[in-house]
Amino acid sequence: MKYLKVIAFTHKQIDLKDLGKFVICNESLESSLESVRQKFDIPEIFYIGTCNRVEFVFTSEQNLTHEFVKDFIQALNLPISEEQAHTFSEQVSIYEDEDALNHLLRISCSLESLVVGEKEILAQVRKAYDTCRVAGFTGDYMRLIMNRVVKTSKEVYTNTAIARKPISVVSLAYRKLRELKMCTNSRILIIGAGETNKNLSKYLQKHKYSNFTIFNRSIENARILADELGGVAYGLEALKTFKNGFDVIITCTSATEPIITNEIYKSLLNGDESRKVIVDLAVPNDTSPEVLQNNPVTFIEVHSLQEIANSNLKERYEELIFAERIIEENIQDFKPVLKQRRVEIAMKEVPEKIKEIRNAAVNGIFAQEIENMDQQSREVLERVMNYMEKKYISLPMIMAKDILINNS
């Protein structure tokens, strides 16, 4: 892992507003990376940018000092003044050699994420690497590093419970709905067109639910969500007169008083006395207590879901020790892989050199003697030379690898 470096700007040290100054758009990514590569003689580099971290992973013989980081920031040609570059260079996290690989594995396994166990970070790292690989900024060394990153991350997600239990209220609410085994043609009323209801409705749409009616204070926003879901849009006042029936109500608004009063609920039922489902993700609840007291309702609300989310999050953190063990094992296993690859690269000219010796012998030094041989003798000689050539190519490689690994 010698010469592997990471410069990390994260939410832990830098305000998210300031972190945005380090985000490099796709149009200027190549010029920014080429600038630092040329200035610091960096053989390989790639850039990771997410909502709460910006990191540069690269190879270099230089030691990472705060002065180096300051110069690095300025070489990126970002809208950052020299004074700001100095300030940020003091807030940065820097990792070198084995620590750099450990850090890269930890972020890819989401151990450094705002929410431990979220798998999206691995996809983000892979995409970032692929973008820079296609642009020619990475080579064989980073290829090996990324292979190990993917291998380790998959082992962590497969062999620990770090990502198995959902911790978002929306995903937990969806699971609760799925447990009720509702028909996919269930009539679903969505009250509020904000982000929470959008996310939950997309879960439902993905699993073939299609009968949506959206109510919102802004009819324009209701129509936008209705268009996405293939549903019908109404203003919030239309709740009082809606008579088309329902099976499920999903509500999340910013109202300070209940939206679903007992009177409105009775009107929505329109004489239907069967048990209904209400998913209330608003704080405070959009559903009046009277509705629950006077009607048969399966009630899913944010408070109970949050308790489950907190419990799941605690269990995820308890899995950290197992994840860290997998990371350490992969770091130790990776060391001989790197050494073997260095041997392969160092000896890549051996096959060509042996072929040159063979051609010189056959076509020059011993050409006359071979020409005087009969056909059968030449065929035997050819088989002997082919056998010897393979052995002379493979044996030194095997011996060199063994010597390097056993004497390290």
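Values below: all heavy atoms of this structure, side chains included; hydrogens, waters and symmetry mates excluded.
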Tell me whether [X] contacts the main-chain N or O of [Y] through its side chain, where contact means a donor paired with an acceptor under 3.5 Å.
X      : Y      : value
Arg275 : Pro296 : no
Asp97  : Tyr3   : yes
Ser108 : Leu105 : no
Glu228 : Lys198 : no
Lys21  : Ile80  : no
Ser186 : Cys183 : yes
Glu44  : Met142 : yes
Ser267 : Lys240 : yes
Ser89  : Val69  : no
Asn197 : Ala193 : no

Taking only Lys NZ, Arg NE, NH1 and NH2, and the carboxylate oxygens of Asp or Glu, determine whether [X] and [Y] approach each other closer than 4.0 Å.
X      : Y      : answer
Glu34  : Arg37  : yes
Arg133 : Asp130 : yes
Arg325 : Glu155 : no

Which label fits [X] and [Y]: parallel for a plane angle under 30°, tilted from 30 to 60°, or perpendicular past 60°?
X      : Y      : value
Phe88  : Phe22  : perpendicular
Phe56  : Tyr47  : tilted
Phe242 : Phe215 : perpendicular

Please report the interatomic distance [atom1]([X]) to [atom2]([Y]), rounded to the nearest 0.5 Å.
X      : Y      : atom1 : atom2 : answer
Met388 : Ile354 : CE    : CD1   : 10.0 Å
Thr251 : Ile260 : OG1   : CD1   : 4.5 Å
Phe58  : Leu4   : CZ    : CG    : 9.0 Å
Asn199 : Ser171 : CG    : OG    : 10.0 Å
Leu239 : Ile191 : CG    : CD1   : 4.5 Å
Lys154 : Ile326 : NZ    : CD1   : 14.5 Å

Task: Those residues that, when tested against His86, pass ring-ring contact (aromatic ring centres under 6.0 Å, His included) (two or more places apart) - done: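 If we apply the ring-ring contact (aromatic ring centres under 6.0 Å, His included) test to His86, skipping adjacent residues, there are no hits.
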- [ ] Using ring-ring contact (aromatic ring centres under 6.0 Å, His included) as the criterion, list what pairs up with Phe322, not counting sequence neighbours.
- [x]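 Residues passing ring-ring contact (aromatic ring centres under 6.0 Å, His included) with Phe322: none at all.
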[Y] side chain reached by [X] side chain, heavy atoms, under 4.5 Å:
X      : Y      : answer
Val279 : Tyr174 : no
Phe9   : Leu19  : yes
Leu111 : Ile327 : yes
Val36  : Ile45  : yes
Glu98  : Lys335 : yes
Ser304 : Phe299 : no
Lys276 : Ile249 : no
Glu55  : Thr10  : yes

Open item on the list: Can you give me the closest heavy-atom contact between Ala8 and Tyr95, atom names plus distance?
Closed with: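 Where Ala8 meets Tyr95 most closely, the heavy atoms are CB-CE1, 4.1 Å.
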TODO: Check Asn262 against Ser288 and note the closest heavy-atom contact, atom names and distance.
DONE: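 Closest heavy-atom pair between Asn262 and Ser288: N-CB, 4.5 Å.
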Open item on the list: Set out, in order, the CA-CA distance, both residues' side-chain angles and the distance that settles side-chain contact (heavy atoms from CB on, under 4.5 Å) for Ser31 and Asn77, then state yes or no.
Closed with: CA-CA 9 Å; Ser31 62; Asn77 299 318; over 6 Å; no
If you measure only the distance, is there a donor-acceptor pair under 3.5 Å linking the side chains of [X] and [Y]?
X      : Y      : value
Lys151 : Asn330 : yes
Tyr387 : Arg383 : no
Asn285 : Thr287 : no
Thr65  : Glu67  : no

- [ ] Return yes when atom NZ of Lys208 has more than 12 non-hydrogen atoms of other residues, nucleotides or ligands closer than 6.0 Å, and no otherwise.
- [x]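 Check fails, neighbour count at 12 or below.
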- [ ] Could you check Phe68 against Ile94 for side-chain contact (heavy atoms from CB on, under 4.5 Å), going step by step and ending with a plain yes or no?
- [x] CA-CA 11 Å; Phe68 176 92; Ile94 54 180; over 6 Å; no
TODO: Report the C-alpha separation of Val337 and Asn147 in whole Å, then their side-chain angles, then the decisive distance to 0.1 Å, and conclude whether the side-chain contact (heavy atoms from CB on, under 4.5 Å) test is met.
DONE: CA-CA 11 Å; Val337 173; Asn147 286 347; over 6 Å; no
TODO: Would you mind telling me which of Asp286, Ile300, Asp280, Leu204 makes a side chain to side chain contact (heavy atoms under 4.5 Å, CB included) with Ile250?
DONE: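 Of the listed residues Asp286, Ile300, Asp280, Leu204, the side chain to side chain contact (heavy atoms under 4.5 Å, CB included) partner of Ile250 is Leu204.
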Task: From Ile48, Asp99, Thr152, residue fulfilling side chain to side chain contact (heavy atoms under 4.5 Å, CB included) relative to Leu104 - done: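 The single option meeting the side chain to side chain contact (heavy atoms under 4.5 Å, CB included) with Leu104 is Ile48.
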TODO: Go through the steps for Arg358 and Glu382 under the test salt bridge (charged side-chain N to carboxylate O under 4.0 Å, His left out), then give the verdict.
DONE: CA-CA 11 Å; Arg358 169 180 168 155; Glu382 180 71 18; 2.5 Å; yes
Open item on the list: Testing Tyr129, Phe137, Tyr141 one by one against Phe46 for a ring pair (Phe, Tyr, Trp, His ring centres under 6.0 Å), which residue passes?
Closed with: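 Among the candidates, only Tyr129 passes.
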- [ ] Walk me through it: do Met373 and Leu381 pass the test side-chain contact (heavy atoms from CB on, under 4.5 Å)?
- [x] CA-CA 10 Å; Met373 296 173 109; Leu381 179 61; 4.0 Å; yes
